[in-house]
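Reviewing the structure listed below.
Convention: sequence-line order gives letters A, B, ...; per-chain numbering from 1.
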Amino acid sequence: MPRFGGMLRLDRFKSTMSEYLEDLNPAQRDAVTHRDGPLMVLAGAGSGKTRVITRRIAWLLQEGVAPGQILALTFTNKAAGEMANRVESLRGYRVHVATFHSACARFLRRDGHLLGYPQNFSIYDTYDRDSCIKQLLRSHHIQVGGAVTPNKVGSRISRLKNLGVGPEDFVSGLGEVDAVVRRIYSPYLVRMRDLGAMDFDDLLLRFRDLLVEHPDAAEMYQERFRYLLVDEFQDTNLVQYDLLKRLSAKYRNLCVVGDPDQSIYKFRGAEIRNILDYQDDYPDAVTIRLETNYRSSGCILAAAQGVIENNKGRMDKTLRTDAEFGAPVSICRYGSEQEEAEELTNGIWQLMSNGIDLGEVAVFYRTHSLSRTIEQAFRQRGLPYDVVGGLTFFERREIKDVLAYLRVLVNPLDDVSMLRVINVPPRGVGNVSLQKIIDRAADAELSLFEAVCDADCRGVVSGKARKGLESLAKVLTEARGEENPEEAVRIVLKGTEYLGYAGGLGDPQDASREENILELINDAAQFAEESDEGLAEYLQHVSLLTSQDEQHGEGPRISLMTVHSAKGLEFDYVFTIGLEEGLFPHSRSFEDPEGMEEERRLMYVAMTRARKALALSYVSFRMINGETRRQDMSRFLGEIPDECGTRMGMPWGYEADGDGDTVYEADDGIDYDPGDQLEDDTVQLCEGAYVVHPEYGPGQVLRLSGSGIRMKVVVLFQDGREKTLIPEYAGLQVIDGSEEW
DNA sequence: GCTCTGGCTCTTTTT
DNA sequence: GAGCCAGAGC
């Protein structure tokens, strides 16, 4: 985590100017040495953008700008940390590098009281936001169901907030969701304020409010941060851009770096238009284009270029490279996702046997759901991997439960968190008792936390519920004021016997929930040790972690992630799977030409992550939502120039080793029907049959029930587990004879 | 008040 | 297949 401040100065960092500049090309050098005034750097993929930003910071420091006067904003905490470290190693100074959200959170912790927020406000993620909305819908007697779900209402409100549209400006459309939003939007804002809580959008909006409503505070920030640098500017939204304009209003040293071809976050309010507006808003801005790619082979670059050129509304830009043409991009078609996963595994084994570092291998996909088949194959073949994003550690149920306890300790107004834990683990507080205490709290104008901690209020319930609330109050009172996050976690766990409860959740053989909680203790301990900050800071820190910030296992590992998470990263070997119409480009973008262009930019991002080799694959049949569908090749593959791709065979010359694997050529019209194999298996499936499950391993069928598509089997697995499975979905393989295991 | 079951929906991407 | 929810049954 980047820490602000740190004024250490070491003489050995005194360098001559040329040291920062000599390995830069002329355009990069111009960007680095631009002194004052607005600067826009249009940086193509792999053109050394990060290097330019860090060198520029180092250069500014050398020019006499104080470290505290520089604020750099990046996309992930990880990127921020790396950038801060690089600057530190160049100059020996720590500068402020943060994400938009964490910077705003930090500022609001200090000055949010000017807006009436407690210093220890809670930060709600999407899930918490939806819980809050769910409660609001209930209290407004709005029926949930069909199109109206807390999540849909929440996303709609979020979108409006990103556009800077308040409840008073909102002209609702015709849809059901809009009708609900019209009723709920304003109450939601009020409710969040009462809870002392902010969602992700609020962090930006409230900080903007602060700048607008408190000119003295605004001036203080303007004086403080005289030099602003923004990475990934193409993915900022209107509110973020507005913030930047206000922050830089006095000194106008706003340096933005971005690539319109890599704008992939429209769905969360990003505006490529910001790049065009920037030129209007700062007519005197210097614009520098970085057009030399230092990352990818010539072939990969040409292939990516061939794809992105199909976008109509695009700033003209061509990337050059001096790199060798390199190996052609491999384009493979497989029969099914299982085959895709298997061949992917084979390809990676091949790389490994050539001594490749697995840390330089990545697998990208458009949607998280595609990771599962790949993960299974990797696990079976013993390949170490990390999944970036998806359900992250801090989004897990048991972790969120424990964090909710911590949150109410820090912010007693936080009823959403209190509701989450008031009966977790179960302590006899059912709906009836819960409603009683909620009503009592409302009458007494107390938060739920306060009501639970007040013996008088607890008096409204009796019996088991009362006892439960008493024990809860006892834990909360005991833990309250504990500043050390690790200690706080321990007190909560002990007082609530949460570990025992978590152990009983779900699969009894699955110890991962307890392990996760122990991991949380470690994380909290580590935070306390490294930062000497308290519980409130710890909560803020974990609330704003990004999917790329997660720590992973030891040793080199293959990275699995969505293309969105891949932005800003690079790998020697990149596999992108699921290049099929409807998946990538995703069907949700079909009607909308702008959406399709964004999909294409996404493809461009995926391709340009690769340094040495790029393999793209698609399948003829894929199981989607429990239904096997016939898939067509992605249009993007057709846009790759012929001289850049080999449309057959295994990645990079891998040959099937005669075990009967079929190699498909693209568009050869071969109809592979995975149903054939399925039917064969189903026929053999009978009581006593030996089977292998991709996850649970070998087992024996105990009973069958139902028939055809409704058929279920009960299987006793070797490890003693008994599972009821639907053969069609479970991927069960029937094997003959017990000698197999 | 708690737990289990069956029915329903689900899959875009994230701070 | 998985997560969520409502309703039934204990």
key: A/Asp242 and A/Lys245: CA distance, side-chain angles, deciding distance, salt bridge (Lys or Arg N to Asp or Glu O under 4.0 Å) verdict   = CA-CA 5 Å; A/Asp242 189 40; A/Lys245 283 194 279 196; 5.1 Å; no
query = Are the side chain of A/Glu340 and the backbone N or O of A/Ile577 linked by a donor-acceptor pair below 3.5 Å?
reply = no
request  = Could I get the full list of side-chain contact (heavy atoms from CB on, under 4.5 Å) partners for A/Leu569, not counting sequence neighbours?
outcome  = A/Gln548, A/Met561, A/Phe571
key: side-chain hydrogen bond (donor to acceptor under 3.5 Å, both in side chains) involving A/Asn411 - partner list, sequence neighbours excluded   = A/Ser122
task = State yes or no: are the ring centers of A/His564 and A/Phe267 separated by less than 6.0 Å?
result = yes
task = Go along nucleotides 8-15 of chain B 5' to 3' and tag each nucleotide: B for a protein heavy atom under 4.0 Å from its base, S when only backbone or sugar atoms are that close, - otherwise.
result = --SBBBBB
note = Sorted by chain and residue number, the salt bridge (charged side-chain N to carboxylate O under 4.0 Å, His left out) partners of A/Asp259 (sequence neighbours excluded) come out as A/Lys317
key: salt bridge (charged side-chain N to carboxylate O under 4.0 Å, His left out) against A/Asp632, all qualifying residues, sequence neighbours excluded   = none
ask   = Using atom P of each nucleotide, how far apart are B/dT13 and C/dC4 to the nearest Å?
value = 16 Å
key: salt bridge (Lys or Arg N to Asp or Glu O under 4.0 Å) pairs, two or more places apart, involving residues 559-570 of chain A   = A/Glu232-A/Lys567, A/Asp235-A/Lys567, A/Arg295-A/Glu570, A/Glu570-A/Arg611
message = The test is ring pair (Phe, Tyr, Trp, His ring centres under 6.0 Å); show your working for A/Phe233 and A/Tyr241 and say whether it passes.
response = CA-CA 9 Å; A/Phe233 183 62; A/Tyr241 183 35; 5.5 Å; yes
task = List for me each residue that meets ring pair (Phe, Tyr, Trp, His ring centres under 6.0 Å) alongside A/Phe75, sequence neighbours excluded, and say none if there are none.
result = A/Tyr265
message = Taking salt bridge (charged side-chain N to carboxylate O under 4.0 Å, His left out) as the definition, give me every residue that meets it alongside A/Glu581, ordered by chain and number, with sequence neighbours left out.
response = A/Arg635
ask   = Could you run down nucleotides 3-10 of chain C 5' to 3' and tag each one B, S or - for protein heavy-atom contact under 4.0 Å?
value = --S-----
Using nucleotides 1-5 of chain B, report all nitrogen or oxygen pairs with the protein that are shorter than 3.5 Å.
residue: B/dG1; atom: OP2; partner: A/Gly430; partner atom: N; Å: 2.7
residue: B/dG1; atom: OP2; partner: A/Ser433; partner atom: OG; Å: 3.0
residue: B/dC2; atom: OP1; partner: A/Gly428; partner atom: N; Å: 3.0
residue: B/dC2; atom: OP2; partner: A/Asn423; partner atom: ND2; Å: 3.2

request  = Quote, to the nearest angstrom, the C1' distance that separates B/dT11 from C/dA6.
outcome  = 24 Å
task = Go ahead and write out DNA chain B as dot-bracket, 5' to 3': ( ) for pairs within the strand, [ ] for ones crossing earlier pairs, | when the partner sits on another strand, dots for unpaired; Watson-Crick or G-U wobble, both distances under 3.5 Å.
result = ||||||||||.....
request  = Name all residues meeting the salt bridge (charged side-chain N to carboxylate O under 4.0 Å, His left out) criterion together with A/Asp128; count only those two or more places apart in sequence or in a different chain, and write none if there are none.
outcome  = A/Lys400, A/Arg407
ask   = Is the shortest distance from a Lys or Arg side-chain nitrogen in A/Asp201 or A/Arg129 to a carboxylate oxygen in the other one below 4.0 Å?
value = no
